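Working notes, beginning with the structure itself.
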Amino acid sequence: MLINCVAYQNGRKLAEIQAREISGYLSRPDTLVWVALADVEDAELLEMQDDFDLPELAVEDARHGHQRPKIDEYGDVLFAVLHMIEPAGDGLTVGEVSIFVGRNYVLSVRRGAKKGFQDVRQRCEREPELLRNGAGFVFYALMDAVVDRYFPVLDDLEAELELIESRIFTETRHARSHIEALYGLKQKLMTVKHATGPLLEAVSKLHGGRVPAVCASMQDYFRDVYDHLIRLNQTLEATREMAITAISVNLSLTTIQENEVTKRLAAYAALVAVPTMIAGIYGMNFRHMPELEWAFGYPLALGIMGTLDGYLFYRFRKAGWI
């Protein structure tokens, strides 16, 4: 589906054009054509391939999707794949945007993501002096928007981790649910990691060494995107380590809780065992047993049982077992 198709000249919006007019505007000097597609049909993408003379292999990647984040060069054309991560209930959905960048055009193909790039287009149109840099600036603006959208997702994951950590110490009886929540959190962190990790290496080629011609005047801007990606990856690693630590703490608390229960059971078993032993001895029905015929033998046996249990209860309470 065609979302936008706009021509710009010297950084200023020239006109919103139809797909059939693209070829004519591409031939104009100092003109940039910026096209945005979403959940595109194959026929529509093939039509764009003819209009922009897009590389065959890149078009195949854009058609099939499910690509690893990357930036490839095909002569004077750059082809980038970025993952778009959006919250969806208790989980995350992963969309994808494929971006073709030529000398005087930018084509974005979005799949599986609800939020588009209308805000990016408005930002670029408010800055004609930067938009005058052409396709390189639009490419930077799109990439910067995608990367910046990772930060709120990561903030939510950090807040989720803090909430789980607080529950670990206050809701010790729900150890299994804590483990499940932490494991789910680790999966979400890996989802973000799979989006940012490969992109870090790809963006590093846009601001240092042999920079593609379309990005030559935008190296400082791509360096800024690279810095953001470094921050994201560092925060991801730190949050992942904290999640692993939280899992270990939860398991340790579970073990401690089980030990406490074991100690209490052992203490109560000892309290029952002493009178059971005495009663068992006097219940063996032998004829000649000490104090068997004595009138105070029964109260004496009960007193001994109570005294021993009282002493054991005192020692267990002092030791913290009860």
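Since the model is a prediction, treat every value here as computed from it, not as a measurement.
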Between Arg132 and Glu129, is the salt bridge (charged side-chain N to carboxylate O under 4.0 Å, His left out) condition met? List the steps. CA-CA 5 Å; Arg132 193 175 289 114; Glu129 67 282 356; over 6 Å; no
Give a yes or no on whether Ile22 and Leu2 share a hydrophobic cluster (residues Ile, Leu, Val, Met, Phe, Trp, Tyr; joining criterion: side-chain heavy atoms under 4.5 Å apart). yes
Sequence-distant partners of Val211, side chain to side chain contact (heavy atoms under 4.5 Å, CB included), two or more places apart: Cys215, Gln219
Kindly check if the number of other-residue, nucleotide or ligand heavy atoms within 6.0 Å of CD (Glu201) is above 12? no
State, with a plain yes or no, whether a side-chain heavy atom of Asp72 is found less than 4.5 Å away from one of Leu78. no
What orientation do Phe137 and Tyr221 show, parallel under 30°, tilted 30 to 60°, or perpendicular over 60°? perpendicular
Could you go through Tyr105 and Phe100, starting from their C-alpha distance and side-chain angles, then the distance that decides it, and tell me whether this counts as ring pair (Phe, Tyr, Trp, His ring centres under 6.0 Å)? CA-CA 8 Å; Tyr105 69 84; Phe100 298 86; 8.1 Å; no
Residues Ala7 and Thr31: closest non-hydrogen pair is CB-CG2, 4.4 Å
Measuring from atom CG of Leu163 to atom CD of Glu158, what distance do you get when rounded to the nearest 0.5 angstrom? 14.0 Å
Single-linkage hydrophobic cluster Val101~Val59, side-chain heavy atoms < 4.5 angstrom: no
With hydrophobic residues grouped by side-chain heavy-atom distances under 4.5 Å, do Leu32 and Met48 end up in a single group? no
Going through the distances and angles, do Arg68 and His83 end up as a side chain to side chain contact (heavy atoms under 4.5 Å, CB included)? CA-CA 8 Å; Arg68 185 173 182 264; His83 285 182; 5.8 Å; no
Is there a side-chain contact between Ile179 and Arg176 (heavy atoms, below 4.5 Å)? no
Would you check, one step at a time, whether the test side chain to side chain contact (heavy atoms under 4.5 Å, CB included) holds for Val97 with Val109? CA-CA 5 Å; Val97 58; Val109 182; 6.0 Å; no
What do the steps show when you test Arg12 against Glu125 for salt bridge (charged side-chain N to carboxylate O under 4.0 Å, His left out), and what is the final call? CA-CA 7 Å; Arg12 302 285 180 179; Glu125 291 176 354; over 6 Å; no
Gap between atom CG of Leu37 and atom CG of Asn4 - 0.5 Å precision: 10.0 Å
Between Asn104 (side chain only) and Leu26 (backbone N and O only), is there a donor and an acceptor less than 3.5 Å apart? yes
In terms of heavy-atom contacts, does CG of Asp42 have more than 12 from other residues, nucleotides or ligands at under 6.0 Å? yes
According to the interplanar angle, ranging from 0 to 90°, do the rings of His207 and Tyr226 count as parallel (below 30°), tilted (30 to 60°) or perpendicular (above 60°)? tilted
Asp76 side chain near Arg103 side chain, heavy-atom distance below 4.5 Å: no
Could you go through the side chain to side chain contact (heavy atoms under 4.5 Å, CB included) check for Thr93 and Met84 one step at a time? CA-CA 8 Å; Thr93 59; Met84 302 177 67; over 6 Å; no
In terms of heavy-atom contacts, does NZ of Lys70 have more than 12 from other residues, nucleotides or ligands at under 6.0 Å? yes
Atom CD of residue position Glu41 - does it have more than 12 heavy atoms of other residues, nucleotides or ligands inside 6.0 Å? no
Could you report the tightest heavy-atom contact between Glu96 and Gln67, atom names first, then the distance? OE1-N, 3.0 Å
Under a single-linkage definition using a 4.5 Å side-chain heavy-atom cutoff for Ile, Leu, Val, Met, Phe, Trp and Tyr, are Leu14 and Trp34 assigned to the same hydrophobic cluster? no
Which atoms form the tightest heavy-atom contact between Asn133 and Ser217, and what is the distance? OD1-OG, 4.0 Å
Counterpart residues, side chain to side chain contact (heavy atoms under 4.5 Å, CB included), relative to Ala15 (two or more places apart): Ile17, Tyr25
Nearest heavy-atom approach of Gly102 to Val214 is O-CG2, 3.5 Å
So how far is it from Asn250 CG to Ile164 CD1, rounded to the nearest 0.5 Å? 10.0 Å
Treating Arg111 as the side-chain partner and Ala62 as the backbone partner, does any N or O pair qualify as donor plus acceptor under 3.5 Å? yes
Could you walk me through whether Met190 and Leu236 pass the side chain to side chain contact (heavy atoms under 4.5 Å, CB included) test, one step at a time? CA-CA 9 Å; Met190 289 306 299; Leu236 277 169; over 6 Å; no
Could you check if a side-chain atom of Glu86 sits within less than 4.5 angstrom of a side-chain atom of Leu92, using non-hydrogen atoms only? no
Shared hydrophobic cluster for Val81 and Val225 (ILVMFWY, side-chain gaps under 4.5 Å): no
Give a yes or no on whether the backbone of Glu237 and the side-chain of Lys193 come within a donor-acceptor separation of less than 3.5 Å. no
Please answer whether the main-chain N or O of Gln234 pairs with a side-chain N or O of Arg231 as donor and acceptor at a distance below 3.5 Å. no
Is there a side-chain contact between Leu107 and Asp51, using heavy atoms and a 4.5 Å cut-off? no
Is there side-chain contact between Leu185 and Tyr183, with at least one heavy-atom pair below 4.5 Å? no
Quick check: are there more than 12 heavy atoms from other residues, nucleotides or ligands sitting under 6.0 Å from NE2 of His66? no
In Å, rounded to the nearest 0.5 Å, how long is the span from CD1 of Ile99 to CZ of Phe117? 6.0 Å
Is any side-chain heavy atom of Phe139 less than 4.5 Å from a side-chain heavy atom of Met218? no
Would you say that more than 12 heavy atoms from the other residues, nucleotides or ligands in this model lie under 6.0 Å from the CZ of Arg149, or not? yes
Please report the shortest heavy-atom distance between Gly91 and Lys188, naming the atom on each side. CA-CE, 4.1 Å
Contact between Ile247 and Lys186 at the side-chain level, heavy atoms closer than 4.5 Å - yes or no? yes
Which residue in the set Leu131, Val138, Asp30, Val33 passes side chain to side chain contact (heavy atoms under 4.5 Å, CB included) when paired with Tyr8? Leu131
Taking every non-hydrogen atom, the tightest pair across Cys124 and Ala141: SG-CB, 3.6 Å
At what distance, to the nearest 0.5 angstrom, does CE of Met242 lie from CG of Leu182? 11.0 Å
Separation between CG (Leu232) and OG1 (Thr239), nearest 0.5 Å, reads 10.5 Å
